[in-house]
Amino acid sequence: MKKKTILLIIFSVILIGAIIWCVNAPYREVNLNDNLETIQKSESCISVHELYKDKDWDTMIVIKPYDKRTASDERIDMGYAGDRAAILDNTLFDSICTLLFIKGNKLVAFSSIYRNVIDFSSLSKTTYKAADKIQIINKFATDCCIYPNQSLES
């Protein structure tokens, strides 16, 4: 009977520890849907920084569907392994683009964006600085083309 009690106590401690660890894990996925809806209505060029303002970051990486090479880039310090696993899982689906927000080489946050909300796969580059300009028209994100005598607001 003592063995069962001791095993039950050990199991309980391990289970409580696992639950606490899971709750405190720094999973950094953010929801940008409301912000994207607001930005889409403007149809003007915006800085990439407008997409996510909650934390300080300097580079955005666009991971398009089936792009395991970029998603598994070891130069990006993901910290918590669950973030890299979630990002890699997203590459399996044609319906999702993932945006990584990076400061230096460390992941600050990421967002899984369904392509029927905004399609980021039409962007020409995979890496954007926070000051780079894009625009969202008819649910498609594109690079801003500035023609001579045209301002960013037009």
Side-chain angles (χ1 to χ4, degrees), residues 15-154:
L15 182 62
I16 290 169
I19 290 171
I20 290 171
W21 181 79
C22 287
V23 169
N24 290 327
Y27 195 65
R28 291 172 274 214
E29 184 164 19
V30 295
N31 185 342
L32 299 180
N33 288 340
D34 292 338
N35 193 25
L36 290 173
E37 189 175 308
T38 303
I39 290 170
Q40 181 178 336
K41 290 178 183 175
S42 73
E43 290 191 1
S44 62
C45 290
I46 59 159
S47 72
V48 174
H49 186 263
E50 297 294 316
L51 296 173
Y52 179 64
K53 295 181 183 181
D54 292 350
K55 293 187 179 173
D56 188 31
W57 57 275
D58 52 28
T59 305
M60 178 183 79
I61 298 174
V62 179
I63 300 178
K64 299 172 183 178
Y66 312 114
D67 187 6
K68 282 190 182 293
R69 184 181 46 82
T70 301
S72 62
D73 187 346
E74 293 296 328
R75 292 173 295 176
I76 300 170
D77 179 6
M78 299 280 187
Y80 173 58
D83 288 337
R84 187 178 305 276
I87 292 164
L88 279 166
D89 286 347
N90 286 347
T91 65
L92 301 173
F93 301 100
D94 185 56
S95 60
I96 298 175
C97 287
T98 305
L99 306 179
L100 305 183
F101 300 98
I102 311 289
K103 175 77 174 177
N105 70 336
K106 292 185 184 247
L107 179 69
V108 172
F110 71 95
S111 186
S112 305
I113 310 293
Y114 283 91
R115 292 175 65 194
N116 64 349
V117 174
I118 302 292
D119 189 355
F120 284 90
S121 68
S122 56
L123 290 171
S124 64
K125 304 185 297 185
T126 58
T127 303
Y128 289 83
K129 296 293 181 195
D132 289 347
K133 303 283 185 187
I134 64 169
Q135 67 185 54
I136 300 171
I137 299 175
N138 297 328
K139 297 186 178 189
F140 288 94
T142 61
D143 296 306
C144 280
C145 296
I146 306 300
Y147 300 102
N149 302 325
Q150 179 182 3
S151 69
L152 289 177
E153 282 71 40
S154 56

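Checked against side chain to side chain contact (heavy atoms under 4.5 Å, CB included), Phe93 has the following partners two or more places apart in sequence or in another chain: Ser95, Ile96. Shown here are the ring pair (Phe, Tyr, Trp, His ring centres under 6.0 Å) partners of Phe120, two or more places apart in sequence or in another chain: there are none.
A distance-only check finds no donor-acceptor pair linking the side chain of Thr126 to the backbone of Ile61 [under 3.5 Å]. Side-chain atoms of Lys64 come within 3.5 Å of backbone atoms of Leu123 as a donor-acceptor pair (strictly under, hydrogens ignored). Panel note: side chain Asn35, backbone Glu50; a donor-acceptor pair is recorded below 3.5 Å.
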The test is side-chain contact (heavy atoms from CB on, under 4.5 Å); show your working for Asp77 and Leu107 and say whether it passes.
CA-CA 6 Å; Asp77 179 6; Leu107 179 69; over 6 Å; no
Chi angles and distances behind the side-chain contact (heavy atoms from CB on, under 4.5 Å) call for Ile118, Leu32:
CA-CA 10 Å; Ile118 302 292; Leu32 299 180; over 6 Å; no
Assess the residue pair Ile63 and Phe110 against the criterion (side-chain contact (heavy atoms from CB on, under 4.5 Å)); give the C-alpha distance rounded to whole Å, side-chain angles, the decisive distance to 0.1 Å, and a yes or no.
CA-CA 10 Å; Ile63 300 178; Phe110 71 95; over 6 Å; no
Please evaluate residues Asp54 and Val30 with respect to the criterion side-chain contact (heavy atoms from CB on, under 4.5 Å), reporting the C-alpha separation (whole Å), side-chain torsions for both, the decisive distance (0.1 Å), and the verdict.
CA-CA 10 Å; Asp54 292 350; Val30 295; 5.7 Å; no
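By the neighbour-count criterion of 12 heavy atoms within 6.0 Å, atom NZ of Lys106 is sparsely surrounded, having that number or fewer from other residues, nucleotides or ligands. Atom OH of Tyr66 sits in a crowded spot, with more than 12 heavy atoms from other residues, nucleotides or ligands closer than 6.0 Å.
Between Lys133 and Ile46, the closest side-chain pair of non-hydrogen atoms is not below 4.5 Å.
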Please list, one pair per line, the donor and acceptor atoms closer than 3.5 Å that link side chains of residues 97-105 to other protein atoms, with sequence neighbours excluded.
residue : atom : partner : partner atom : Å
Thr98   : OG1  : Asn90   : ND2          : 3.1
Lys103  : NZ   : Asp56   : OD2          : 2.9
Asn105  : ND2  : Arg75   : O            : 3.4

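The OG atom of Ser47 sits 10.5 Å away from atom CE of Met60, with the distance rounded to the nearest 0.5 Å. Atom NE2 of residue His49 and atom CG of residue Asp132 lie 12.5 Å apart, to the nearest 0.5 angstrom. Distance check: Thr142 OG1 to Asp119 CG gives 11.0 Å after rounding to the nearest 0.5 Å. Taking CG of Asp67 as the reference point, atom OG of Ser121 lies at 11.0 Å (rounded to 0.5 Å).
Cation-pi check for Lys55 over Tyr52 is not met; the charged atom does not lie both under 6.0 angstrom from the ring centroid and within 45 degrees of its normal.
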